[in-house]
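All values below come from the heavy atoms of this structure, side chains included, with hydrogens, waters and symmetry mates left out. Within every chain, numbering begins at 1; the chains are lettered A, B, ... in the order of the sequence lines, protein sequences first and strands thereafter. Predicted model, so just to flag it, every value in this text is computed and none were measured.
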There are 2 protein chains.
Amino acid sequence: MAMTLKELGRLAGVHPSTVARVLNDDPQQRVSEEVRGRILALAREHGYQPNHLARSLRTKRSFVIGTAIPDIANPFFAILFRGIEDALAASRYSVILANTDDEPAREQGSIDMLRGRQVDGLLIATARREDPTIEALVATGFPFVLVNRHTDPIPPNAVVPDDYAGAVAAVEHLIGLGHRRIAHISGSDEMSTGHTRRGGYLDTIRRHHLPADPDMTVRGNFREPGGYQGMRQLLDLPQRPTAVFAVNDLAAVGAIRAIEEAGLQVPRDISIIGFNDLSAAIGAARLLTTVRLPLHNMGKAAAAHLLAQITCDTVAREPVVIPVELVVRQSTGPAPA
Amino acid sequence: MAMTLKELGRLAGVHPSTVARVLNDDPQQRVSEEVRGRILALAREHGYQPNHLARSLRTKRSFVIGTAIPDIANPFFAILFRGIEDALAASRYSVILANTDDEPAREQGSIDMLRGRQVDGLLIATARREDPTIEALVATGFPFVLVNRHTDPIPPNAVVPDDYAGAVAAVEHLIGLGHRRIAHISGSDEMSTGHTRRGGYLDTIRRHHLPADPDMTVRGNFREPGGYQGMRQLLDLPQRPTAVFAVNDLAAVGAIRAIEEAGLQVPRDISIIGFNDLSAAIGAARLLTTVRLPLHNMGKAAAAHLLAQITCDTVAREPVVIPVELVVRQSTGPAPA
DNA sequence: CTGAAAGCGCTTACAG
DNA sequence: CTGAAAGCGCTTACAG
């Protein structure tokens, strides 16, 4: 049986509301030192822990944030989530996590569940560019922020990577190395990340008047097997690319596997560049040239953005676009002669 | 403003308790079809979601489980946690996660925070063999289960890998390949996993009358850099081992990196075996011989064990020991002549 | 079949 | 400086 204010009041011989005042350090009204000391001692002795449920019901603030994530077992989202949890814990918030496996019905179900649990706000990493669930959420005025992926057009309550600049930097790096047949293993066009990176790739190819052969873009899925399959397709082309921009590191790792299986070498025969820089998490990406995204920081920034919205009751005016940075390692090199 | 029972009652022209009865499908007392239909329609129309806070306060069941994890960004714990979340979600429980970074003070703080939030039980993946925080928790009678790591001696409310059998199988595999100088890169002896695996290694070495040189056990830390450093130590030995049992896959990957950096080859010069089988998560472990632990299932089993304890109000009589299985891949081979 | 009331453990405006 | 009361949104035993 957990200790309550009422019981503590009984033991101290005072009214429960007096106990509440000293335990909450109520700035309005002073309590005599004698009573305060007695209560504090009793609370410590019995290890009193306030019941957050009751407090939340009364104050209408739960200090819990809900997070919808495609899959916490994916290292990308695990690191993002760690950033979120770190920032939230520092502000005394807790987080309830729901995995959606990128199924729209589960995104909807998770958001309903989380709101039923009276979370103070939502961090959503599952947005598709067209997302009726999120459109409906906007209409309710409930506080939330989109992280990593945004709906179209980008709303002010979003914290996302600079996908476009990153894609441009990646492709220009390859062009700078002399490559002209540059392919792209894309993600899904339903997500802003996949769509924007593909756009950056295409624009850069065209701006440099390189061949924009439709065969040079193959569809992956943000995961290792998608990169592997995509690369196999590219290797089967009559004229294969000399360089590939993969939508993320996992796809790049899959592509490298396909290349090595085909008896070719990276970067001697084909250069590969990824996106995110998960080298610290996935050993296979240790030597990968990539576009570094400060993932843990992006999580912290998203949490901060949401807390600002909740506590200041203001709506953000601008999305936060996280800068990315080219990291040249050993998977890219000069175009073969 | 969220819809409440009271408001719904007002709209339907009935008492709030009647609304509660139909929405909760109260089996005790029947409600007329007419009233029931009216209420159901209204609830749907207004998207009524019950307030879990209020319900939990009243019923003293929050349907929330607290989980203490060293670091969700570590793929091992991310996969374990995914199993936990899957099992919990299937039973309509939510989970609040706290990262402790293996700091005892944060384990204590997390458990206090979680209990303050009135979770129905705790899943603890941060136990040390001697753990005053957990000892104190036992004394309170609060429901919890230890997962992956246990306090000593192993309590009934634990779900852990068969560390001992796995270590024995790993070392016997190496012995079967003809190795006699077999080293161990250990984890920490403060954790049951590290301690038990080291015990299994030593016992097996001795049972087969192989040299049990103290230099053959080096201390790692369950992570890649620990494996790397440990292997460097082993390579510096006057007589280096021909095979190494690493406490887990991450350490094994680090060991392989050290071996390759030294210009040697796996398994031609040195065989390496890991533990866990994270090959699906970390590409670098793709070809690693290891002891497979069904991690996702262990998470599910731990959650089930806890839910049984909560709903049946019975205390488990036996710990659950998850069987492990040797997976032979390409990092182990015959001892060099 | 439905209403009225009590109470979960807090917070907080109102008295005195 | 402290008490008494109301109320957050539910559930549930008690009436009728």
Inset, instruction - Give a yes/no on whether any side-chain N or O of A:Lys60 is located under 4.0 angstrom from OP1 or OP2 of D:dG9. - result: yes

Legend entry - DNA chain C: 5'-proximal contact among B:His15 and A:Asn51 (nearest heavy atom): B:His15

Legend entry - Ionic contact status for A:Lys300 with A:Asp86, cut-off 4.0 Å: no

Legend entry - Donor-acceptor pair (no angle test) under 3.5 Å: B:Arg21 side chain, C:dG3 base: yes

Inset, instruction - Determine the contact category for A:Thr59: base if any of its heavy atoms lies under 4.0 Å from a base atom, sugar-phosphate if only primed atoms, P, OP1 or OP2 are that close, otherwise nothing. - result: sugar-phosphate

Legend entry - Short side-chain N/O contact from A:Thr18 to OP1 or OP2 of D:dG3, under 4.0 Å: yes

Legend entry - Candidates B:Glu135, B:Glu107, B:Glu190 - the one meeting salt bridge (charged side-chain N to carboxylate O under 4.0 Å, His left out) with B:Arg128: B:Glu107

Legend entry - Short side-chain N/O contact from B:Tyr48 to OP1 or OP2 of D:dC10, under 4.0 Å: yes

Legend entry - Cationic N near anionic O, under 4.0 Å, A:Asp112 to A:Arg106: no

Inset, instruction - Mind checking B:Arg55 for me? I need base, sugar-phosphate or nothing, with any heavy atom below 4.0 Å counting as a touch. - result: sugar-phosphate

Legend entry - Atom-to-atom span, CD of B:Gln49 to P of D:dC10 - whole angstrom: 11 Å

Legend entry - Gap between atoms CD1 and C1', on B:Ile39 and C:dG3 respectively (whole Å): 12 Å

Inset, instruction - Assess whether side-chain contact (heavy atoms from CB on, under 4.5 Å) is satisfied between A:Ile322 and A:Val160, documenting all intermediate values. - result: CA-CA 6 Å; A:Ile322 306 284; A:Val160 296; over 6 Å; no

Inset, instruction - Between B:Ser17 and B:Leu53, just flag the one whose closest nucleotide in DNA chain D comes earlier from the 5' side. - result: B:Leu53

